[in-house]
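As the structure is a prediction and not an experimental result, all values here were calculated from the model.
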Amino acid sequence: MKLLYQQMLAFFGVIAVTLTIVSVLFIRSTTNTVWQNSFDQLEQYTDVLKDRAVDQNTYLINSQFIQNSEAILAKQNVHFMIYDATNNARYPNLPGGGGAAQAIASKYWKQLKKGNTVALPELATNPQNGKQQRMTIYYKPVFLSQKLLFVIAAFAPVENIQSSIQQTEKNLVVAFLLSLLVAIIVSYFLARFQVNRINRLRQATHQVAEGDYDVEVTFDKKGHDEVAALADDFQDMVGSLRDSQAEIHRQEERRRQFMADAAHEMRTPLTTINGLLEGLAYDAIPEESKGDSIALMQKETKRLIRLVNENLDYEKIRTNQIMLQKQTFNATEAMHDIVTQLQKKADDAGDKLVIQADDDVEVFADHDRFVQVMFNITQNAIQFTQNGTITLSAKTGYHQTELSVSDTGIGMSADQVKNIWERYYKADPSRKNTKYGESGLGLAIVHQLVTVHGGTIKVTSELGKGTTFALTFPDEETAPKQAPITHTK
């Protein structure tokens with residue numbers, strides 16, 4: 001069964017059950033009210049007869065007054081009887097004497113003798129024609145000095161009440177049927193409204209399944225319900241999928257670029273090594289040049305190993321497969337060692353390396369990884385700076401060590417700064433095959449290493465004016481604990 005009909009049936013069922021309950025309660029309430037009004041009328045009639053038709057001093061009954069009253073109430077078929085203290089009928093004078101009329105049942109007579117009124121529908125003799133028929137009867141006792149004098153009885157045929165009730169029921173049935181018709185129409189539109197909203201979500205889901213993430217599903221905020229909340233969550237999901245898809249495309253583009261770069265990086269040394277090996281195999285290289293050829297092959301081999309290791313390092317750091325051996329050591333000494341290692345490269349680029357730090361600036365980190373971070377950033381600065389100055393600084397901050405590497409190189413645009421930490425990203429793609437073997441992984445590794453230390457790294461740059469990398473490493477008191485090593489296949 002379609003959801004439209006399920007919803008429609010549900011709404012209709014609720015409305016129908018509600019109408020049925022209300023109708024039953026209304027009929028019962030109306031019936032009780034009609035009966036109660038009938039008894040109230042009979043009570044009023046007996047009160048009038050008590051005051052006008054029975055002389056409580058002479059015990060005489062004013063038959064004429066009673067007959068006149070019955071004539072007035074003839075259309076209602078209301079009749080009266082008066083019983084004396086011995087339960088004999090004194091009015092009307094039926095053939096056969098006073099005892100000919102039906103006496104009041106003993107169970108009711110006992111109640112009347114106690115001074116209680118009795119109202120009931122019962123099979124009784126009609127005072128007018130003496131026939132047995134179902135009637136509404138009201139008995140009212142009359143006392144004098146706590147002595148029962150008379151019992152006044154008022155009779156009215158049940159047909160009068162039943163006809164009123166039947167008319168009410170008939171009108172109610174008509175109203176009930178009309179209400180059900182309206183309920184069907186209302187249920188249809190309510191169900192259609194709900195199903196239309198779900199269909200909108202279904203169509204949007206189909207679009208997303210087809211790869212179209214440019215969908216928007218929003219509902220009126222005034223009637224914000226679960227379906228609208230679902231639409232909001234769906235829209236958030238689509239936004240995440242759209243961002244993920246864009247990121248996948250961007251990463252795929254960088255992967256292709258990286259594969260091209262890696263192939264280019266590998267092809268040159270492999271070609272060199274292969275040519276030298278062929279020369280050695282065919283004894284085409286002079287004896288005095290064999291030493292240089294072997295040294296060149298070693299250099300190119302190291303270049304290949306470095307490219308492979310950079311990829312392996314990034315994956316291990318990204319998947320938390322490294323164990324940091326944190327300790328407190330002198331950051332200034334470590335920076336002097338880095339400057340010593342990179343001095344020749346700086347001289348080749350015409351750069352000046354400067355250290356601005358006290359002699360005893362301490363840092364809490366893994367020594368080898370700290371050196372790797374500072375080495376990569378400094379080497380990156382040398383690569384993009386010609387005839388400039390590269391400044392390494394360090395100082396002790398509040399519960400952390402603050403370091404920076406600034407250069408006066410070519411700088412970067414805002415878009416380049418935004419993507420600088422991405423894997424395979426190169427701020428200057430034209431530099432694909434430098435003698436430093438740039439692969440686009442160095443800064444991605446740096447960012448991951450600083451993050452696993454619990455530190456921060458920020459970069460500020462301006463085209464043509466240089467770049468500054470600002471790093472912080474928390475001290476031993478505030479540094480995060482080493483996360484468990486996870487192994488991924």
Side-chain angles (χ1 to χ4, degrees), residues 261 264-265 268-269 299-300 302-303 306-307 309-310 313 330-359 361 363 365 367-395 401-417 419-422 424-447 449-450 457-473:
D261 293 346
H264 184 78
E265 285 281 336
T268 300
K299 179 180 178 181
E300 295 300 322
K302 289 179 181 179
R303 183 174 171 185
R306 182 172 61 250
L307 182 64
N309 285 339
E310 283 181 345
D313 282 348
N330 192 320
T332 305
E333 290 183 1
M335 288 193 298
H336 278 290
D337 292 340
I338 293 170
V339 168
T340 301
Q341 295 178 53
L342 294 174
Q343 188 62 58
K344 185 177 184 307
K345 295 178 180 179
D347 294 340
D348 291 344
D351 296 331
K352 181 180 180 182
L353 297 177
V354 178
I355 296 178
Q356 295 180 351
D358 295 336
D359 294 336
V361 177
V363 63
H367 183 275
D368 292 341
R369 297 300 180 180
F370 175 81
V371 171
Q372 182 180 1
V373 167
M374 297 301 294
F375 186 93
N376 281 348
I377 296 177
T378 306
Q379 180 177 254
N380 186 79
I382 294 173
Q383 183 176 341
F384 292 99
T385 303
Q386 295 292 322
N387 302 317
T389 301
I390 299 168
T391 304
L392 287 74
S393 63
K395 64 179 180 178
T401 303
E402 300 174 358
L403 306 105
S404 69
V405 177
S406 300
D407 63 61
T408 58
I410 63 175
M412 291 181 289
S413 65
D415 185 63
Q416 290 173 329
V417 171
N419 296 285
I420 194 67
W421 307 123
E422 298 294 338
Y424 313 131
Y425 183 78
K426 295 182 181 181
D428 185 4
S430 63
R431 302 192 179 192
K432 293 182 178 179
N433 191 24
T434 69
K435 61 182 178 179
Y436 306 128
E438 182 192 3
S439 62
L441 286 172
L443 291 181
I445 293 173
V446 165
H447 186 269
L449 284 174
V450 174
I457 181 168
K458 297 180 180 179
V459 59
T460 56
S461 184
E462 188 175 351
L463 284 173
K465 294 186 178 181
T467 303
T468 298
F469 289 83
L471 304 87
T472 64
F473 285 83

[X] versus [Y], closest heavy-atom pair with distance:
{"X": "A331", "Y": "L403", "answer": "CB-CD2, 4.4 Å"}
{"X": "Q416", "Y": "G411", "answer": "OE1-O, 4.4 Å"}
{"X": "A357", "Y": "T332", "answer": "CB-OG1, 3.9 Å"}
{"X": "V371", "Y": "A334", "answer": "CG2-CB, 4.4 Å"}
{"X": "H336", "Y": "I355", "answer": "ND1-CD1, 3.4 Å"}

Please round to the nearest 0.5 Å and tell me the distance separating atom [atom1] of [X] and atom [atom2] of [Y].
{"X": "D407", "Y": "T378", "atom1": "CG", "atom2": "OG1", "answer": "10.0 Å"}
{"X": "Q379", "Y": "I338", "atom1": "CD", "atom2": "CD1", "answer": "11.0 Å"}
{"X": "L392", "Y": "M374", "atom1": "CG", "atom2": "CE", "answer": "5.0 Å"}
{"X": "I410", "Y": "E462", "atom1": "CD1", "atom2": "CD", "answer": "13.5 Å"}
{"X": "I377", "Y": "H447", "atom1": "CD1", "atom2": "NE2", "answer": "11.0 Å"}

Are [X] and [Y] side-chain neighbours, meaning at least one heavy-atom pair lies under 4.5 Å?
{"X": "L443", "Y": "N380", "result": "yes"}
{"X": "V361", "Y": "T401", "result": "yes"}
{"X": "V373", "Y": "F375", "result": "no"}
{"X": "T468", "Y": "V459", "result": "no"}
{"X": "N376", "Y": "L449", "result": "no"}

Check for a donor-acceptor pair, side chain of [X] on one end and backbone N or O of [Y] on the other, with a separation under 3.5 Å.
{"X": "N330", "Y": "E333", "value": "yes"}
{"X": "T389", "Y": "K352", "value": "no"}
{"X": "S461", "Y": "M412", "value": "yes"}
{"X": "Q343", "Y": "T340", "value": "no"}

Start with the C-alpha gap between V405 and T391, add the side-chain angles, then the distance that decides, and say whether side-chain contact (heavy atoms from CB on, under 4.5 Å) holds. CA-CA 6 Å; V405 177; T391 304; over 6 Å; no
Step by step, work out the side-chain contact (heavy atoms from CB on, under 4.5 Å) result for T467 and T408. CA-CA 7 Å; T467 303; T408 58; over 6 Å; no
Apply side-chain contact (heavy atoms from CB on, under 4.5 Å) to F469 and T460, showing your working. CA-CA 7 Å; F469 289 83; T460 56; over 6 Å; no
Residue that, paired with V339, satisfies side chain to side chain contact (heavy atoms under 4.5 Å, CB included) out of I390, L353, V354: L353
Residues D358, K395; criterion side-chain contact (heavy atoms from CB on, under 4.5 Å); working and verdict: CA-CA 7 Å; D358 295 336; K395 64 179 180 178; over 6 Å; no
